[in-house]
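Here the structure is a predicted model, which is why all the values come from computation and not from measurement. Numbers here simply count residues along the sequence, with the first being 1.
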Amino acid sequence: MSIESVSRETPLARVRNIGIMAHIDAGKTTTTERILFYTGKSHRLGEVHDGNATMDWMPQEQERGITITSAATTCFWQDFKINIIDTPGHVDFTVEVERSLRVLDGAIAVYCAVGGVQPQSETVWRQAKRYGVPAIAFVNKMDRTGADFNKVVRELSSKLGANPVPLHLPIGAEDGFKGYVDLIKMEAVYSEGEKGELLRHAAIPAELADDAALARLNIIEKLADLDEAIGEKFLCDEMPDNDEIIAALRRTTISAKMIPVLCGASFRNKGVQALLDAIVAYLPAPHEGGDVKGMSPESHAPVSFPVSDSGSPVAFIFKVQANSFMDRLASCRVYAGTLKKGMALENPRTGKKERIGRILQMHANSHEEKTEAFAGDIVVLVGIKLASTGDTLCLKEHPVVLERMSFPEPVISLVIEPKSQSDKDKLELALKALADEDPTFLLSRSEETGQLLVSGMGELHLEIKVDRLIREYGVKANVGQPQVAYRETISKAASFEETFVRQNLGKNLFAMVRLEIEPMERGSGIKIESRLAPGTLSRDFEAAALEGIREAARTGVLQGYPMVDFKAALVGALSHPTESTDVCFRAAGSIAFRGAAELAGLQLLEPIMRVEVDTPEENTGDVIGDLSSRRGHVQEMISHDNYSKVIASVPLCTLFRYTTDLRSLTKGRASAAIEPSHFEVSTAAPGR
């Protein structure tokens, strides 16, 4: 049955796809709640601390007061359609930021006016830069004690390498924060009314007039250096008008040459309407980021196409999750064409067709049914059976594959087992569902004990997964203590030749492979390839040998941990016309890899964390001493207003319960941010 076409409600030029990103506790979700209120999407102000924030709908989020999963919604401002994804700030859930930024056209980077550019702020900035996502900075919590707008602006430059351009000048700070000077319109703006819904525009306070004039001139001078139209006016001693400044700011923001900086206090309902104005004024529409780049799934030749409703449909799946009814919900961004309910699309990775059962426009955990989705839309597809995160859906006649995402390696594991035999199948089914939706949550089995291991990005990450097993899936399980997810690598080049000769049920089996391996730089991953001359081996046998190498690398050689940072090449092989099989070559590849690895100087790698501690100066010595006792190396120490910031690299295995120990050490006055940094050779090799 054909479905009638529904015309696009909002022109593509008036669509904005944005994400809210920041360090934990910078005020992302509170800012999003105000956006929903002022745009009329919500009729109440949800508060994180009360556990009733619209976007934090999971019980685990409401109890902990943090965002755990990215939540999408859609609202309207000045006839612009704004698709918003509120992302987590905790480093354990960085995958949610990664996959959101992959499909967004712009971002709001929220910074705490007191904390400034914090560790996760740097992480999300690097992620946004990797995907070429332009951003606007919003300096939040200007009403907090210690708020310093200018310090945050300086850190945007010094820590992120950004080119910040303040468009606001704060009027007061801390308890005296009243509003801001709009440096484009050159007027003071104050939020009034019970919920800040009324804006009062007034003359700039006399004591700020000179500062405002200099700050506006700074905007024009920076634009003159970066924008040709403003540069020409500036050289002719002509001052651009407001419309020309706004147009130039839009061009330079979209090209990521600068980042506009605004200020406010979301919790006090100040500055959010200006943020909405900036979203529609300076961030790009879906088609303004240039053509979408992909490749042909067969020839791997580059393919590009414009973001448009016309042409062949192309959608990218950036998240897969199951609902309480175990339906698979595939969040996707439509890059071209129009998706229709009932349409069948092909997944080039699997070669299988996927039929769209329903199209949902999400608002946190509620939804609205749609019959069509247009280019630029972010929607959820129901009925997708086999596709996973990072897959492309397209027509078979016009195949294309968009760039997949890369995710960080898990750094921590724990043993999990069912409490009873009746829970066994339920546990494995639930774990597979959780792993399906989260690429950083991995399942494996210990070769020695046969126990089921789950691995993730941190203690909180695994704690949330276990909590969901109990609440959502009703699984009863015994959970072991967290343990570090080590890796294995090699230190030198080696080669090995394996001649696999066996007898099975009276039949001779034969396969011979020769393998060379060599180390790569730390963090390079793995590269497994064939250098066999054409015709040396059948394609099936060659593929089987390479798969055997991959299997051996996954299970490790030294202590059973996955192998990383190596290159392996199949350089020789022999087969027999009647005695060789796929199984033989898979086994030969596996044995050859293990043999080569044992000759190549096996090493154990442990995850190293970047630890940033803010502590009163009188506790600095104790903090540094404690970090040293954990095999930590202090890299930097910064003093500011009777507080010290200590930055160190510390092995993860020494950091369990660190935040609790730190509170005891400093009587609760210090705080720590911990994020994965890198893997390095372990100096305290554990048993397993």
Side-chain angles (χ1 to χ4, degrees), residues 12-18 77-78 80 82 104-109 111 125 128-129 132-139 149-150 152-158 160-171 180-189 201 203-204 208-264 271 273-291:
L12 191 62
R14 286 184 169 269
V15 175
R16 300 288 183 270
N17 292 320
I18 66 157
W77 183 254
Q78 297 175 0
F80 282 79
I82 305 176
L104 293 172
D105 303 310
I108 302 300
Y111 300 94
W125 178 261
K129 199 171 180 182
V133 178
I136 293 171
F138 181 63
V139 181
F149 179 76
N150 292 327
V152 180
V153 173
R154 289 193 300 271
E155 288 186 351
L156 289 172
S157 178
S158 62
L160 303 182
N163 183 18
V165 180
L167 305 187
H168 285 176
L169 187 67
I171 301 175
Y180 58 89
V181 174
D182 182 332
L183 296 172
I184 306 298
K185 296 180 179 178
M186 289 301 282
E187 62 181 14
V189 182
H201 303 268
I204 299 171
L208 291 178
D210 290 343
D211 290 342
L214 284 173
R216 180 183 169 85
L217 183 60
N218 176 61
I219 295 172
I220 297 170
E221 288 177 343
K222 283 204 171 188
L223 286 173
D225 290 337
L226 299 170
D227 187 82
E228 188 175 337
I230 300 297
E232 287 179 3
K233 283 216 160 205
F234 198 69
L235 288 173
C236 297
D237 290 330
E238 295 179 33
M239 295 303 285
D241 60 30
N242 289 356
D243 289 341
E244 289 172 326
I245 293 173
I246 291 170
L249 281 168
R250 178 175 179 77
R251 290 191 292 269
T252 51
T253 301
I254 291 174
S255 61
K257 293 177 182 176
M258 66 166 54
I259 175 170
V261 187
L262 287 68
C263 69
Q273 294 97 322
L275 182 59
L276 281 161
D277 291 340
I279 289 169
V280 301
Y282 306 128
L283 292 180
H287 66 289
E288 291 180 303
D291 285 356

(request) Working to the nearest 0.5 Å, report the span between CG of L275 and CD1 of I108. (result) 4.5 Å
(message) Tell me whether H168 contacts the main-chain N or O of V181 through its side chain, where contact means a donor paired with an acceptor under 3.5 Å.
(response) no
(request) List the steps and the verdict of side-chain contact (heavy atoms from CB on, under 4.5 Å) for Y282 and L167. (result) CA-CA 12 Å; Y282 306 128; L167 305 187; 3.6 Å; yes
(request) Give the minimum heavy-atom separation between L262 and A278, together with the two atoms involved. (result) CD2-CB, 3.9 Å
(message) Do the side chains of E288 and R250 get close enough for a salt bridge, i.e. N-O under 4.0 angstrom?
(response) yes
(request) Could you please spell out the steps behind the side-chain contact (heavy atoms from CB on, under 4.5 Å) verdict for I82 and V15? (result) CA-CA 6 Å; I82 305 176; V15 175; over 6 Å; no
(request) Determine, stepwise, if the pair N163 / K222 fulfils side-chain hydrogen bond (donor to acceptor under 3.5 Å, both in side chains). (result) CA-CA 9 Å; N163 183 18; K222 283 204 171 188; 3.0 Å; yes
(request) Would you check if R16 and W77 make a side-chain contact, meaning some heavy-atom pair closer than 4.5 Å? (result) no
(message) Would you compute the distance between atom CG of L183 and atom CG of L217 and round it to the nearest 0.5 angstrom?
(response) 11.5 Å
(message) Within the supplied structure, the quantity of interest is the number of heavy atoms (other residues, nucleotides, ligands) at a distance under 6.0 Å from D210 CG; does it exceed 12?
(response) no
(request) Of all the heavy-atom pairs spanning F80 and A13, show the shortest one and how long it is. (result) CE2-O, 4.0 Å
(message) Nearest 0.5 angstrom please: K129 NZ to L160 CG, how far?
(response) 9.0 Å
(request) Mind checking the CG-CG spacing from L169 to L214? Nearest 0.5 Å is all I need. (result) 10.0 Å
(request) Output, in order, the C-alpha distance, side-chain angles, deciding distance and verdict of side-chain contact (heavy atoms from CB on, under 4.5 Å) for V152 and V261. (result) CA-CA 10 Å; V152 180; V261 187; over 6 Å; no
(message) Looking at Q78, is its backbone amide N or carbonyl O close enough to the side chain of R14 to form a donor-acceptor pair, meaning the two atoms are under 3.5 Å apart?
(response) yes
(request) List the atom of I204, the atom of A212, and the distance in Å for their closest heavy-atom pair. (result) CD1-CB, 4.1 Å
(message) So I259 and V165, do their side chains get closer than 4.5 Å, heavy atoms only?
(response) no
(request) Please report the shortest heavy-atom distance between R216 and P240, naming the atom on each side. (result) NH2-O, 4.1 Å
(message) Could you report the tightest heavy-atom contact between I230 and E244, atom names first, then the distance?
(response) CD1-O, 3.8 Å
(request) Could you tell me whether the side chain of D227 reaches within less than 4.5 Å of the side chain of L249, counting heavy atoms only? (result) no
(request) Using a 4.5 Å cut-off on heavy atoms from C-beta on, say whether the side chain of D105 contacts that of V133. (result) no
(message) How long is the straight-line distance from CG of D225 back to CD1 of I220, given to the nearest 0.5 Å?
(response) 12.5 Å
(request) Could you verify whether a donor N or O on one side chain and an acceptor N or O on the other, from K185 and N242, lie under 3.5 Å apart? (result) no
(message) To the closest 0.5 Å, what do you measure between OH (Y111) and CD (E155)?
(response) 10.5 Å
(request) Report yes if the side chains of Y180 and C263 come closer than 4.5 Å at any heavy-atom pair, otherwise no. (result) yes
(request) Quick one: closest heavy-atom pair of M258 and L223, and the distance? (result) CE-CD2, 3.7 Å
